[in-house]
Amino acid sequence: MDIASKYNPKEVEEKILKEWLESPLFSAGANRAKKPFSIVIPPPNVTGILHMGHALNNTIQDVLIRFKRMQGYEALWMPGTDHAGIATQNVVERDLAKQNFKKEDIGREEFLKRLWQWREKYGSTIISQLKRLGASCDWDRLRFTMDEPYSEAVYEVFVKLYEKGLIYRGKRIINWCPRCKTALSDEEAAHKEINGWLYYLKYPVAKSGSEKVCDYVIVATTRPETMLGDTAVAINPKDERFGWLKGAKVILPIVERELKVIEDEAIDIGFGTGVVKVTPSHDLVDFNLGKKHNLEFVNIMNDDATMNDNAGEFSGMDRFEAREAILAVLEEKKLIDKKEPYKVSAGHCYRCHTIIEPRISPQWFVRMQPLAEPAIKAVEEEKIKFYPERWRKVYLNWMNNIQDWCISRQIWWGHRLPVWYCDNCFSGNDAGSNEESKKTGIVVSKQKPQKCPDCGSTKLRQDEDVLDTWFSSWLWPFATFYWPNFRGQGTGERGQTDDEKELNYFYPTSVLVTASEILFFWVARMIMAGLEFRKEIPFRSVFIHGTVRDARGIKMSKSLGNIIDPLEVIEKFGADSLRFSLMLLAAGGSDVYLSDEKFLVGRNFSNKIWNATRFIFLKISEANIKIDNLTLNDLDEVDAWLITELNSVAENVTRHLEDFRINEATKCAYEFFWHSFCDWYIEIIKDNFTGAKAKTAIYALVNSLKLLHPVMPFLTEEIFHLIKGNLSLELDESISRASWPRPLGTGVKADTEKINILFETIKELRNIKADLGIAQKKVKLQIKTSAENEKYLRPHENWIKRLSYLEAFEFTANLKRVIYKNALWELNLDVDEVNVKDFISALDKKINNIDSIRSKVAGRLENENFLKNASQETVEEEKNKFREIDFQLNRLKELKNAFR
RNA sequence: GGGCACAUAGCUCAGUUGGUUAGAGCGUUGCGCUCACAUCGCAAAGGUCGCCUGUUCAACUCAGGCUGUGCCCACCA
């Protein structure tokens, strides 16, 4: 049979992918005979394209799913995409802008039509890319957060929460993105420090409470433009410097408005001048002060953060333009005391990075505290476990300080609020919370109500707003199963049952794999929603992986231009290489630093596996060996050693995968395959290729492939097929459904100690030869040993000779000198012309090295406290170690003497 | 301001409960195209495990402090 000497991943992967997608290998359904294992995918943005973060995230999930599937679980990986409200709308708006349109020009209906078209066109891109990565999702289940059944879940949840008093409408100060022109939640306002100034402005004092100490008060501000909306200045009542200001009035410059002086404990006496300007309409703190002290609210901005008519002469200017203009006027009036450089923390829109403008507007909120309580408990009681564990604290800390969630968005792409207002009797009041309002003229309902329950009017108008994207994604773990409107009996295809049965079977899901960035956005909220609507946690474990960064440690992002495109890596080296390299690098939850050459490990390893297979096939066909089963018998020490190693590797890989230590699992399998299997075993069997050896090799190969399959699905599948096709073995259709390796029980137990002595000897001989400068010279090996040992050694003669590059074995009772000895034998290399000088200096170095270790161990053994306190085992170990080191030391010394 | 990580070979990082002669990949050096693989093999050089102080018979590992780096949270005008 002809197998290429270089592995061609592209060709193989595309072929295998096609087979997979045409098969039902990855489908799952409620199956009583098996235990469930389920993962819901973090749904990527429907218009997204695969980036390295996706590659990492989804490879991890695929590894876990494939592992569990092979272990015999009913493994479901639920795929889907997210409509990603603001992000997607922005993309389509940009597209419109290219044609010189604004969305308002074409209207809501037409705009939404375009959005859906966009989704049809690009929505499957990322899905096919995930497939190409090898993701073994149950693709027939592909969900979308705006599918009709899914939307039903969203409305259901809104109505339920409203009825429970957990959703309310309120006029509050919220984070407003003046570019997207929508409200954002606190989480969507990313705080970043920017370099700014702290301006000290002088406000003239009109009349003082007691004796006027000064003509001005000086207030410090980072945002002078908001002064136009000031309606008070505030001091701390305990601040003795400003006792005279109590009850005073000051004049707001430019506007010439008279401002009250209010007193509040919240004012930090130590900051700035101790006097604060209060702008209730444009700052959260001031908003609260304004409510508390019953101040006037003056809004000075439009929704795009330009100044409105309340800004007088500055009307129409952008907020930053207005800042400069106002400063110029104040400068002219000599009302600027000073300015200092200052780092300001400002919220930025997480979608377009525009600086947030706090803005008062009516919005809808979810009261979070009641939802948070059980979600805190679930994690505290470890019903949900975090990996790495440190995220548990981060989660709990956030949950314990949770704020209400602003869920209404002033965009068009998303789930429209199931809220109707009566044209006749709705007066803009708040709604939903019991004390705050009377709910007049508001109906919250999944369907459009016939008439207003308050006044009977039929003129009802649906709220224009849509819901925060996360208000739909927090239902993902159960809404993907068609909750709450389960379909009837399933079709029976692929063993599927009806929806509810499936939900009950697969929920709670097993593990959620995600990045830390969306811990609050998504993970925490899913836990709350799961507990609220299913009365059960949504997943048992949360595995949080790191961020993908470039070689300099900077987060990869398209806008920074430092991305490595996973698709290019796939094209060049194959998805297996990409996956393998990522899994090797992504330790626990640590960040992954990538550069192009990092993928060579994966490429090289793929090729290694390919060639090892190729070689074994070659030998089998050369020797005309027939293998029709994998029952191992006639194993010699070397075969048994390999199988013993394999067993322990299988055990370790399994253990590591169970604990989400994928990198360790990958490394174990890699080392076994490359070093134990290729470097030792295959080398050993080269000139002693018996039927038993062939079988052992194939057995080890098949099981290595299985261990590697979760990480390198394509290559392992291809070779699995090759083995099945060429060796007439009874194997599964696909390795993805083959059983996970279990240690072979009795019968195979290697005398690893003796074999290891041989391996050590070979390494030592190579070493000595290199030091003597005769690495490539085939010399005779003289051996002095017992008859019994000779009998043991004889069968291994050939490979020992070859691996240590020797010409011949000679058993003799008289050695000219001893250059090496161990428990089995004493050796000499029959050679005269050698580089004694280098050899002796290399020896000296080794002797020194070992000598220092020897004295360390000796010191320990002479220490009475050690002997007294350390465990019996430890002491024994140390004693053994000492004997071993002592033996080595003497040997080296003898060797040195022999060459002197 | 609060919290959380991280600091181990030239580079990138492993190191699961304290006892190891501290490992890997890449890079470097030397030797080799020995009938799979040069995307390979064999070997070598290279580390006072950030610093200090404790706990312990024993610390890369535990505790406290320090320094540096990164991240998250927060109504720091």
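Chain naming here is simple, since letters A, B, ... match the order of the sequence lines and numbering starts at 1 in each.
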Check your understanding: Within a strict 4.5 Å, meaning less than it, do heavy atoms of the Arg323(A) and Trp197(A) side chains meet?
Key -> no
Quick one: [X] [atom1] to [N] [atom2], roughly how many Å, whole number?
| X | N | atom1 | atom2 | result |
| --- | --- | --- | --- | --- |
| Lys769(A) | C31(B) | NZ | C1' | 11 Å |
| Lys686(A) | C42(B) | NZ | C1' | 13 Å |
| Lys763(A) | G41(B) | NZ | P | 15 Å |
| Phe605(A) | A36(B) | CZ | C1' | 15 Å |
| Phe673(A) | A24(B) | CZ | P | 20 Å |

Review point. Distance check: side-chain N/O of Lys845(A) vs OP1/OP2 of G46(B), anything under 4.0 Å?
Key: yes
Point to revise | Under 4.0 angstrom between Lys667(A) side-chain N/O and G25(B) OP1 or OP2 | key: no
Check your understanding: Taking protein heavy atoms under 4.0 Å as touching, what does nucleotides 71-77 of chain B look like 5' to 3' if B marks base contact, S marks sugar-phosphate-only contact and - marks none?
Key -> --S-BBB
Rounded to whole angstrom, note down the [atom1] distance from [N] over to [M].
| N | M | atom1 | answer |
| --- | --- | --- | --- |
| C31(B) | A14(B) | P | 35 Å |
| G46(B) | A36(B) | P | 34 Å |
| G50(B) | A45(B) | C1' | 24 Å |
| A5(B) | A22(B) | C1' | 23 Å |

**Study point:** Expected output: side-chain Asp851(A) to main-chain Ile847(A) donor-acceptor under 3.5 Å
**Key:** no
Check your understanding: Can any side-chain N or O of Asp337(A) pair as donor or acceptor with the backbone N or O of Lys202(A) at less than 3.5 Å?
Key -> no
Check your understanding: Per the atom types in the model, does the base of C37(B) pair as donor or acceptor with the side chain of Lys608(A) at under 3.5 Å?
Key -> yes
So [X] and [Y], would you call those rings parallel, tilted or perpendicular, with 30° and 60° as cut-offs?
| X | Y | value |
| --- | --- | --- |
| Phe677(A) | Tyr681(A) | parallel |
| Phe605(A) | Trp674(A) | parallel |
| Phe543(A) | Phe660(A) | parallel |
| Phe521(A) | Tyr350(A) | parallel |

Would you mind classifying the nucleic acid contact of [X] as base, sugar-phosphate or nothing, using non-hydrogen atoms under 4.0 angstrom?
| X | value |
| --- | --- |
| Ser590(A) | sugar-phosphate |
| Tyr805(A) | base |
| Glu864(A) | nothing |

**Study point:** Lys778(A) to Tyr805(A), cation-pi by 6.0 Å centre distance and 45° axis angle
**Key:** yes
**Study point:** Within 45° cone and under 6.0 Å: Lys686(A) NZ/CZ vs Phe615(A) ring
**Key:** yes
Measuring from the side chain of [X] (C-beta onward, heavy atoms only), which nucleotide among [options] has the closest atom?
| X | options | value |
| --- | --- | --- |
| Trp674(A) | A36(B), C4(B), G41(B) | G41(B) |
| Ala770(A) | A43(B), U16(B), G41(B) | A43(B) |
| Asp679(A) | A24(B), A38(B), G41(B) | G41(B) |
| Arg655(A) | C37(B), U16(B), A38(B) | U16(B) |

Practice item. Give a yes or no on whether a salt bridge exists between Arg172(A) and Asp404(A), defined as a side-chain N under 4.0 angstrom from a carboxylate O. Key: yes
Check your understanding: Do the charged groups of Glu878(A) and Lys881(A) touch, with an N to O distance under 4.0 Å?
Key -> yes
Exercise for review: Would you jot down, in residue-number order, the residues of residues 594-603 of chain A having a non-hydrogen atom under 4.0 Å from RNA chain B?
Suggested key: Lys598(A), Val601(A), Arg603(A)
Review point. Whom does G1(B) pair with, Watson-Crick or G-U wobble, provided both distances fall under 3.5 Å?
Key: C73(B)
Between the protein and nucleotides 18-21 of chain B, list every N/O to N/O distance that falls short of 3.5 Å.
residue, atom, partner, partner atom, Å
U20(B), OP1, Arg860(A), NH1, 3.1
U21(B), OP1, Lys881(A), NZ, 3.4
U21(B), OP2, Lys881(A), NZ, 2.8
U21(B), O4, Gln888(A), NE2, 2.8

Check your understanding: Can you tell me if Asn822(A) and Thr761(A) form a side-chain donor-acceptor pair at under 3.5 Å?
Key -> yes
Review point. Yes or no on salt bridge (Lys or Arg N to Asp or Glu O under 4.0 Å) for Lys846(A) and Asp771(A), after CA distance, side-chain angles and deciding distance?
Key: CA-CA 12 Å; Lys846(A) 281 175 203 164; Asp771(A) 287 342; 2.9 Å; yes
